[in-house]
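Below is one structure; the comments refer to it alone.
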Amino acid sequence: MPDSAGGGERPRVLVLGGGFAGIGAVHNLKKADVDVVLVDRHDYHTFQPLLYQLATGLLETTAVGHSLRDLVKDQDNATIHKAPITGIDLEAREVRFEGLAPITYDFLVLALGAQVNFFGTEGAAEHAFPMYTLRDAVKLKDHVLERWEASDKDSALVDDGALTVVVVGGGPTGVETAGALAELYRSNFVTDYPSLPQEKARVVLVEAGDEIFAMFKPNLREYAKDALEQRTVEVMTGARVQSVSPTRVTLASGDVIPAHTLVWGAGLQGNALVQSLGLDLERGNRIGVGPDLTVKGHPEVYAIGDVAAITDAKTEQLLPQLGSVALQSGHHAGESIARRVDGKKAKPFKYRDKGTMATIGRGAAVVQMLGGKTMKGAKAQVAWGTVHLALLPTNEDRAKAVVEWAGAAFSHQRTGRITVTSDSD
Ligand SMILES: Cc1cc2nc3c(=O)[nH]c(=O)nc-3n(C[C@H](O)[C@H](O)[C@H](O)COP(=O)(O)OP(=O)(O)OC[C@H]3O[C@@H](n4cnc5c(N)ncnc54)[C@H](O)[C@@H]3O)c2cc1C
C-alpha cells in the first residue's frame, strides 16, 4: 500500500461524481480504514429515472434530487465537496477543481456519468431541451407551462405550434417523456385551460430507426406503440430530425413541424472530461475497464457507471448505461478498494440483471427479463416501481415516492405543475 496521499495514516479514496455509481462506491467504503472524499459539481444526487416525472409535475424536485450530505451523514470517514472538476492528472494522481484546492489520491473512482449527444443536429444545442439533469427537467416543465399560459393569453400562438412538443428518440427516455406529457395534456391541461384546443396540442415522438424500443422484443414494442397512441402520442418512425429552431422542427424528409418545444432523448456520450485522460476510449467516449473495473495501466483507478464500458462476464456484451449497472459497479469498486486496503484480493465484477424495463404511462409499462420472459401493463409497472424504489438512496425517499405515486394514481393530479424559476418576484 502506498503512503497516504494526504500524508496521514489512512489512504485517501477520491470519488468523482455523486450519481448511482459514486454513491454506491462511497457507501461500500463505510467500514473501510480510508478517508473518502466525494466531489460533485452539485450538492445533490440526481435520480435520473424520475426526471420525466419531475418535468411533468408528478414529483417535486426533492423527490428526484437528494442532498449528497444527507446521503453520507452516517458515514464518519466521508467528506463531500461541491465543485466542478477541471482536470484529472492520472500520472501525478491529482485532481483539480474550480474554487477548491487540488486533491491528491491513493485510489481514484471515476463516476462522472454521461452527457447528451446531439449528433451535430443543427440548432439542437441552442434550442432543444435535453433530459439529463435536474435543471433540464425543471426547465422543460417551466417552458411547457409558460407556453400554455402564453397561449391562454394569445390563442394565435396555438396555430404557430406553441403547445406542440416533439420528443426525439424512441428509447426509454423518449417514450417515458412522450407518454407522461400526453397524460399531462389530456388529463390536466384539458381542464386547466378549457378554452385552448387540445387537438392542436400535439405530442409527436420521432425515432430515426424503424421501430421504437429497439432493445425490447417485438411484442413489447407493439404494445408500447399502441399504449402511446391510445394516449394520443403521434409516433413517427424512420424519421430523423435535421434542424431545430425555437418554433420549428425540420425533418430530414423536408417536412416541418411547427413546435415550440423539442425534447432530446436520443443519445448519450461519456463525460467530456474523459477525453483529457490520455486513455484509449471505447464507443461513446466510455472508459474501457478490466474485469475488476480498474483502468488499464492504472490499478489505483476505477471507472464505473455510465462513464465506463463494462463487459458483462456472463454474456461478454457491453453492459447498458443503466441505474442498476451504475449502482452495482459502484458497490463493487467500493468493496474492492476496502478489500485491497485490508490486504485481501479484489474479485471480478459480476452483474446481476434485474431485467430491462420502461414505463409508458399510468398502468402501462414493459419488462424483459434476461431469460427472455416478458411482462406488460399494470403488472410490469409494479415491477418497474419495485426495481426503481430499490435504487432510491434512502428509506425516506422511497416512502416519499410511494406517497406521491399513489396520490397521483388515485387523483390523476400533478401537483408540481407550477412555475417558480421564471417568476419575476
Ligand atoms: C431521463 C433518464 C431516464 C433514465 N431512466 C432509467 C431507468 O428507468 N432505469 C435505469 O436503470 N436507468 C435509467 N437511466 C439511466 C441511469 O439514470 C444512469 O445509467 C445512471 O444515472 C448512471 O449513473 P452514474 O453514477 O454513472 O452517472 P450520473 O448519475 O450521471 O452521475 C454522474 C455525476 O457526476 C457529476 N459530474 C459530472 N461531471 C462533473 C464535473 N465536471 N465536475 C463535477 N461533477 C461532475 C454529475 O453532477 C453527477 O452527479 C435513465 C437516464 C436518464 C437520463
Side-chain angles (χ1 to χ4, degrees), residues 14-26 38-56 64-66 68 71 80-88 95-100 109-117 129-137 140 167 169 171-177 180 215 263-268 270-274 276 286-287 302-308 310 319-331 333 353-360 365-367 381 383-385 387-393:
L14 177 57
V15 180
L16 302 182
F20 290 116
I23 284 295
V26 171
L38 169 69
V39 188
D40 197 294
R41 64 177 153 215
H42 301 126
D43 56 2
Y44 54 82
H45 159 88
T46 304
F47 194 91
Q48 288 172 350
L50 296 180
L51 282 176
Y52 79 95
Q53 299 198 7
L54 172 63
T56 55
V64 185
H66 309 267
L68 285 171
L71 295 182
I80 304 284
H81 293 294
K82 173 180 183 285
I85 297 148
T86 54
I88 301 169
V95 178
R96 292 182 300 279
F97 308 91
E98 195 184 305
L100 175 73
V109 179
L110 295 167
L112 289 164
Q115 65 185 49
V116 173
N117 188 351
F129 288 82
M131 274 287 279
Y132 203 68
T133 65
L134 207 59
R135 194 190 286 258
D136 289 341
L140 173 63
V167 180
T173 301
V175 169
E176 286 175 345
T177 308
M215 67 291 284
V263 181
W264 193 271
L268 293 177
N271 191 298
L273 266 174
V274 304
S276 62
R286 290 154 82 182
I287 305 170
Y302 287 78
I304 51 176
D306 276 7
V307 80
I310 305 172
L319 286 170
Q321 286 164 300
L322 283 178
S324 44
V325 175
L327 190 66
Q328 289 181 35
S329 60
H331 283 155
D353 192 340
K354 303 224 169 105
T356 309
M357 52 195 73
T359 58
I360 299 129
V366 293
V367 175
Q381 193 159 46
W384 182 93
V387 167
H388 286 80
L389 279 178
L391 285 175
L392 277 166

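Each ligand, and each atom within it, is numbered from 1 in the order the structure gives. All of these numbers come straight from a predicted model, not from anything done at the bench.
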Ring centers of Phe97, His81 separated by less than 6.0 Å
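Between His81 and Phe97, which both carry aromatic rings, the centre distance is not below 6.0 Å.
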Quick one: do the Tyr302 and Ser329 side chains pair a donor with an acceptor below 3.5 Å?
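Checked: Tyr302/Ser329 side chains show no N/O donor-acceptor pair below 3.5 Å.
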So, Asn271 side chain and Gly113 main chain: donor-acceptor pair closer than 3.5 Å or not?
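A pair under 3.5 Å: no.
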Would you name the heavy atoms of Leu68 and Leu38 that are closest together and state the gap between them?
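Distance-wise, the nearest heavy atoms are CD2-CD2, 4.1 Å.
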Apply side chain to side chain contact (heavy atoms under 4.5 Å, CB included) to the pair Val274 and Val307, showing each step before the final yes or no.
CA-CA 8 Å; Val274 304; Val307 80; 3.4 Å; yes
When Leu51 is tested against each of Leu134, Thr133, Thr177 for side chain to side chain contact (heavy atoms under 4.5 Å, CB included), which residue passes?
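So, applying the side chain to side chain contact (heavy atoms under 4.5 Å, CB included) to Leu51 and each of Leu134, Thr133, Thr177, only Leu134 qualifies.
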So which residues, sorted by chain and number, lie with a heavy atom under 4.0 Å of ligand 1?
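If the criterion is a heavy atom under 4.0 Å, then ligand 1 touches Gly17, Gly18, Gly19, Phe20, Ala21, Asp40, Arg41, His42, Gln48, Pro49, Ala83, Pro84, Ile85, Ala111, Leu112, Gly113, Met131, Tyr132, Thr173, Asn271, Leu273, Gly305, Asp306, Gln321, Leu322, Gly323, Ser324, Ala326, Trp384, His388.
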